[in-house]
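In what follows, a structure is listed as structure tokens, so that the remarks can point back to it.
Side chains included, hydrogens not; waters and symmetry mates left out as well; all remaining heavy atoms used.
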Amino acid sequence: MSEGPRHSCGVVGAVADSDVVGYIHKALNLIQHRGQESAGISVYSDGQMHTVKDNGLVSTALSPRKIEGLSGCIGIGHVRYSTAGSKSAVNAQPLTVEYNNGTIAIAHNGELTNYKELKAKYMEQGWSFFADSDSEIVAKLLVRNMRTMDDPVKAIRAMMSEIDGAYSLCILFNDRLFAVRDPYGFRPLCLGEVGDGYMAVSETAAIIPLGGRVIRDVMPGEIVEITSRSYKSHPPASQCPKAHCMFEWVYFARPDSVIDDREVYSVRKRIGMILAEEAPADVDVVMPIPDSGRAHALGFSIRSGIPYEEGFMKNRFVDRTFILPTQKLREQAVDMKMNPIRSTVEGRRILIVDDSIVRGTTLKKLIKVLRAAGAKEVHVRVGSPPIIAPCFYGVDMKTRDEFIATKYSVEEIREILNADSLAYISIAGLVRALDMPEGDLCLACVNGRYPTNIPGEVHRFQSTLQHDFS
Ligand code: AMP
């Protein structure tokens, strides 16, 4: 796998009358599921930007020793998504650049779809780039814009009119903090009141444990300037079609987060309920694939009346299997990760529920384990429709080749998995579970229709490719 922008990450920005480093550090811990490759914090104090960042989990990259002495009343933080082969510390964030009046620090979640074109364009004009990162384009554009505009809001707006794709950003211009969400609202970003100040963070689940109060989502296309006393909204000049990533609710976000007014746990439970209506099964027990399939399975159990039981014990200390570089390693890791609970499994007709099938590695292996443990039948229900198209907006699903559903029919996949039955939730069912107009969602990975222009791919709205930020 090549180096490149991989930005389904977590971001935070905080400002208060007292030190915010502790809050940022805790918030990063609370959104650690969004990225395990690297972590970092930038704070502005004593007229300077101070940044600590490193590869690893928050606990190591930002260990007490490493952040000793780091303090300030305004700062941002970042956790970076882990993908095979992209461990370079140069891509760790926050990204900092000097501008005519000090330092800009950026924490970015998402992925720009036109960054290669922008990079090529500006390299022609003599700009140099030090990392293969789309966030660097954001930084460079802001620096250039600040030279002529000298107003962060104007500089951000002008930058937004050039970039396309997914971005939830926390940006520091020295001691001024901005939270920015792309006009489609692909990735989440919310505002909260924490301590004696305010915070912007990827997920609401990071606010309550800090003793804070969730205020609201940052709106698609909105720029919010946050101070210790208040926040000021700069809404977009025009409304654009939204494209919230359905995968945030299906898999990526924490169940206890609320994104765009929908609690992730409730959506997952509704997906399970709708699966029970769309694809019922005559079985003895409903079993989740922990942890990602838990709420989906519970929903299935509630709607079908079939008892819910835990049938796998998960070893939390095994690395994420999804990102391992070879199929053999991924399969071995699944073995290490999940052990069946015999009393749930032996002699029973089991229905397992998982959030998604990408390559099929996990389920193929787990069904084998269940059969070896004496399961009489193994039926599979899946909380997302078949994944058939790459994500260009920050979820690490990059090539069609890796998707089992691009090569095989549902019946063929059932055979490959060695399941007694297999059903995915329908796209209509998923939209119903999300209780949102279909047009407000990005469903590109399941229907192949992309909300932004991607060369060679089908565009959702052929006529509205540009946004007006004037
Ligand atoms: P697979 O074994 O390749 O079919 O992967 C599917 C499992 O990996 C799902 O059950 C999810 O829990 C998880 N998963 C799906 N998409 C991703 C992703 N982009 N990054 C990490 N894990 C994922």
Sequence neighbours excluded, the answer for side-chain hydrogen bond (donor to acceptor under 3.5 Å, both in side chains) partners of Q32 is none
Taking atom types as modelled and ignoring hydrogens, do the side chains of T452 and Y393 form a donor-acceptor contact shorter than 3.5 angstrom? yes
Quick one: list whatever passes salt bridge (Lys or Arg N to Asp or Glu O under 4.0 Å) with E310, sequence neighbours left out. R294
With sequence neighbours excluded, residues passing salt bridge (Lys or Arg N to Asp or Glu O under 4.0 Å) with R181: D260
Ion pair check, [X] and [Y], cut-off under 4.0 Å:
| X | Y | result |
| --- | --- | --- |
| R270 | D435 | no |
| R216 | E222 | yes |
| E277 | R432 | yes |

Euclidean distance, [Y] [atom2] relative to [X] [atom1], rounded to 0.5 Å:
| X | Y | atom1 | atom2 | answer |
| --- | --- | --- | --- | --- |
| I31 | S257 | CD1 | OG | 9.5 Å |
| I259 | D217 | CD1 | CG | 8.0 Å |
| H108 | C170 | NE2 | SG | 11.0 Å |
| R254 | D291 | CZ | CG | 11.5 Å |
| R381 | E278 | CZ | CD | 10.5 Å |
| L430 | L441 | CG | CG | 7.5 Å |

Distance flag, aromatic centroids of F247 and F252, threshold under 6.0 Å: no
Determine whether more than 12 heavy atoms belonging to other residues, nucleotides or ligands lie under 6.0 Å from atom NZ of K154. no
Heavy-atom nearest pair, L142 first then A155, reads CD2-O, 3.7 Å
Please name the pair of heavy atoms, one in P290 and one in M338, separated by the smallest distance, quoted to 0.1 Å. O-CE, 3.0 Å
Anything under 30° is parallel, anything over 60° is perpendicular, the rest tilted; go ahead and classify F178 against F173. perpendicular
Between W249 and H244, how do the two ring planes meet: parallel, tilted or perpendicular, split at 30° and 60°? perpendicular
May I ask you to test the [X]-[Y] pair for a side-chain heavy-atom distance under 4.5 Å?
| X | Y | value |
| --- | --- | --- |
| K314 | K337 | yes |
| I425 | I274 | yes |
| V138 | Y167 | no |
| Y198 | L191 | no |

One pair to check against side chain to side chain donor-acceptor pair (under 3.5 Å): D54 and T60. What are the steps and the verdict? CA-CA 8 Å; D54 207 345; T60 43; over 6 Å; no
Suppose we screen for side-chain contact (heavy atoms from CB on, under 4.5 Å). Which residues come up paired with M49, at least two apart in sequence or across chains? S42, Y44, T51, T96, T103, A105, L172
Please tabulate, one pair per line, all N/O donor-acceptor pairs under 3.5 Å involving side-chain atoms of residues 9-26, not counting sequence neighbours.
from, atom 1, to, atom 2, distance (Å)
D17, OD1, S228, OG, 3.0
D17, OD1, R229, NH2, 3.3
D17, OD2, R229, NE, 3.3
D17, OD2, R229, NH2, 2.9
S18, OG, D196, OD1, 3.1
S18, OG, D196, OD2, 3.1
D19, OD1, V21, N, 3.3
D19, OD1, G72, N, 2.8
H25, NE2, L62, O, 2.8

The complete set of salt bridge (Lys or Arg N to Asp or Glu O under 4.0 Å) pairs with one or both residues in residues 201-214, sequence neighbours excluded, reads R34-E203, E193-R213
Stepwise, does the side chain to side chain donor-acceptor pair (under 3.5 Å) test hold for S168 with N109? CA-CA 5 Å; S168 284; N109 172 202; 5.0 Å; no
